[in-house]
Amino acid sequence: MKKILLLLVLCLNISIVLGQEYKAWEKHDIEGIYIMAKSKDEAKNYNNVLREGVDYYIPTEQEDQVLFIRVSKRITPKLYKLKDGEMYILFSFPPFLFDSDEGMMEIKGNKGIFYKKPAL
């Protein structure tokens with residue numbers, strides 16, 4: 001019985017450690033999470049709107065969560081569109097990311113941290 005209990009505790013500890021391995025990856029602070037406004041008139045209804053060229057980006061609140069994400073394309077040195085959705089992330093400092101980069105994103109409200117998955 002003691003051996004089984006010890007084995008269960010070891011397995012639990014290993015799964016907790018492996019579940020947090022992404023925290024050792026390259027880290028980038030996210031200043032804000034946005035969606036693209038459909039029009040200039042829609043953007044007028046919000047505070048802290050980003051304007052890049054003719055496009056307007058509205059800040060969006062998200063549930064606190066951890067997501068696996070893929071970068072789609074760079075809009076500006078600090079603003080990137082994510083694949084599989086209409087979400088844009090604004091980094092605090094310009095990261096060095098490619099269109100195919102992926103990783104884990106920890107979200108808390110409208111801010112977060114992106115952990116870039118290392119290339120194999």
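In this chain, numbering begins with 1 at the start of the sequence shown. No experiment lies behind these values; they were computed from the predicted model shown.
Not a single side-chain hydrogen bond (donor to acceptor under 3.5 Å, both in side chains) links Glu42 to another residue, sequence neighbours left out. Residues satisfying the ring-ring contact (aromatic ring centres under 6.0 Å, His included) test with Tyr80, not counting sequence neighbours, are Phe91. In terms of the salt bridge (charged side-chain N to carboxylate O under 4.0 Å, His left out) criterion, Asp64 has no residue partners (sequence neighbours excluded).
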List the atom pairs, donor and acceptor, that lie under 3.5 Å between side-chain atoms in residues 65-73 and the rest of the protein, sequence neighbours left out.
unit_1, atom_1, unit_2, atom_2, d
Gln65, NE2, Glu63, O, 3.4
Arg70, NE, Glu102, OE1, 3.3

Pair up each side-chain donor or acceptor in residues 46-57 with any protein partner under 3.5 Å, not counting sequence neighbours, and list the distances.
unit_1, atom_1, unit_2, atom_2, d
Arg51, NE, Gly53, O, 3.2
Arg51, NE, Tyr56, OH, 3.4

Can you give me every donor-acceptor pair (side chain of residues 111-120, partner residue at least two apart or in another chain, under 3.5 Å) with its distance?
unit_1, atom_1, unit_2, atom_2, d
Lys111, NZ, Glu31, O, 3.0
Lys116, NZ, Phe96, O, 3.3

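Leu97 and Tyr22 are assigned to two separate hydrophobic clusters, defined by single-linkage of ILVMFWY side chains at heavy-atom distances under 4.5 Å. Placement of Leu79 and Met36 within a single hydrophobic cluster is found when ILVMFWY residues are connected by side-chain heavy-atom separations under 4.5 Å, directly or transitively. Ile89 and Ile75 are not part of a single hydrophobic cluster, where members link through side-chain heavy atoms under 4.5 Å apart. In this structure, Ile30 is a member of the same hydrophobic cluster as Met87, with clusters built from ILVMFWY side-chain heavy atoms closer than 4.5 Å.
Judged by distance alone, with hydrogens and angles left aside, the side-chain atoms of Lys81 form a donor-acceptor pair with the main-chain N or O of Gly85 at under 3.5 Å. With Asn110 contributing its side chain and Thr60 its backbone, the two residues share a donor-acceptor pair below 3.5 Å.
Residues Ala37 and Ala43 come closest through the heavy atom pair CB-CB, 4.1 Å.
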Stepwise side-chain contact (heavy atoms from CB on, under 4.5 Å) check, Leu82 with Tyr88:
CA-CA 6 Å; Leu82 303 182; Tyr88 296 80; over 6 Å; no
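We find the OG-NE2 distance between Ser92 and His28 to be 11.0 Å, quoted to the nearest 0.5 Å.
Residue Lys108 places its NZ atom among 12 or fewer non-hydrogen atoms of other residues, nucleotides or ligands, all under 6.0 Å distant.
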